[in-house]
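The next block holds one structure in the form of structure tokens; read it before the comments.
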Amino acid sequence: MKIGVFVGSAPMSFSARASTAPTVDLQWGDPSESVQQYSFADTECYVMRRHGAQSQIAPHAINYRANLWQMKSLGVDAVIGTHTVGSIDPNLAVGGLVIPHNLIDYTWGRESTFDDHRRHVEFSEPYDAGLCTSLAKLDSEVLHGGVYGCTQGPRLETAAEIARLANDGCTLVGMTGMPEASLARELEIPFASICLIVNPAAGLVGGAIDMAALREISTTGAQKFVNLIERFCGAQ
Ligand code: HPA
């Protein structure tokens, strides 16, 4: 099996040795960086940092089409996006992992389709249920279920925007979940998102969001993504 994994900016260390996969097809422009390939027992794992090697690409400026196309060109059977998020549901604790089951897209102006002419794409259930369940089963502390609200960024939200998202039914908020998920659907690649909660969303606790804590948890929590993905790859 081959899986593609998009990761954020925090350094992550996989237990297998990395090699650089070839960049095969640039018809949608440059992907964020070259893909690193890790070989596990029964899985080839292709990892790309969606913000680029120097974390230089903001969420709204990522070439999601080139990134997904690169994974497709490598022949992946599934794609997993790892995403740091703010929690909107007050029951969700900072530091926890959540695999959402649905999403609402609040982004604008992103190149979000491979085809301006073709067809409607079914997207009622944006995440692949089987893939989500397989991931959630690997760790009893991972919560399966939640609605990911994808905002434009790069700024964080106002308290009023978060109140609106809560009212809409969002339990998590992030900036990079779309159009990653819908482009994967266009390419008919099963997609799942694993979210690490790094802060309570704006307005949920008194005062401003603690940005130093957000960065700290994004860094220390990143290895949780690796552990889950390596388990999925049969490495642990
Ligand atoms: N909002 C949007 N994106 C985020 C947040 C947030 O509160 N935390 C981490 N990514």
Side-chain angles (χ1 to χ4, degrees), residues 5-12 32 48-52 54-64 67 80-110 112 126-127 141-143 145-183 191-226 228-229:
V5 180
F6 292 116
V7 300
S9 303
M12 294 185 188
S32 297
M48 185 193 291
R49 288 169 292 187
R50 65 169 79 73
H51 297 287
Q54 268 76 50
S55 297
Q56 76 277 22
I57 311 172
H60 65 288
I62 292 169
N63 188 341
Y64 294 93
N67 291 354
I80 298 168
T82 70
H83 304 274
T84 55
V85 294
S87 60
I88 298 178
D89 179 344
N91 297 315
L92 298 177
V94 167
L97 290 185
V98 183
I99 296 176
H101 73 282
N102 219 305
L103 64 82
I104 300 179
D105 186 10
Y106 300 92
T107 65
W108 47 271
R110 301 182 181 191
S112 57
Y127 303 114
E141 287 183 11
V142 175
L143 177 72
V147 177
Y148 178 108
C150 191
T151 56
Q152 176 71 354
R155 65 166 176 83
L156 294 175
E157 299 72 36
T158 66
E161 286 169 337
I162 291 300
R164 172 192 170 203
L165 265 64
N167 201 36
D168 286 352
C170 298
T171 59
L172 306 162
V173 58
M175 300 175 190
T176 52
M178 281 293 287
E180 217 166 76
S182 56
L183 290 170
F191 181 87
S193 162
I194 312 172
C195 296
L196 171 71
I197 299 169
V198 296
N199 60 287
L204 292 191
V205 289
I209 290 174
D210 182 341
M211 297 303 290
L214 182 156
R215 279 189 283 272
E216 163 83 19
I217 294 159
S218 303
T219 305
T220 55
Q223 207 57 27
K224 292 187 182 182
F225 289 136
V226 175
L228 198 61
I229 287 162

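All ligand and atom numbering here is 1-based and tracks the order in the structure.
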Work out which heavy atom in E157 is nearest to a heavy atom in E161; give both atom names and the distance. CA-OE1, 3.3 Å

Are any side-chain N or O atoms of [X] and backbone N or O atoms of [Y], one a donor and one an acceptor, separated by less than 3.5 Å?
X    : Y    : answer
Q223 : G221 : no
T151 : M175 : no
D210 : A212 : yes
R49  : P11  : no

Go through ligand 1 atom by atom and flag the ones less than 4.0 Å from a non-hydrogen atom of [X].
X    : result
T84  : 9 (C), 10 (N)
G174 : 2 (C), 3 (N)
V198 : 8 (N), 9 (C)

Please state which protein non-hydrogen atom is closest to [atom] and give its distance, to 0.1 Å?
atom                   : value
atom 5 (C) of ligand 1 : G86 N, 3.5 Å
atom 4 (C) of ligand 1 : V173 O, 3.7 Å
atom 1 (N) of ligand 1 : E157 OE1, 2.7 Å
atom 6 (C) of ligand 1 : L156 CD2, 3.5 Å
atom 8 (N) of ligand 1 : N199 OD1, 2.6 Å

Ignoring hydrogens and geometry beyond distance, is a side-chain donor-acceptor pair present between D89 and S87 at under 3.5 Å? no

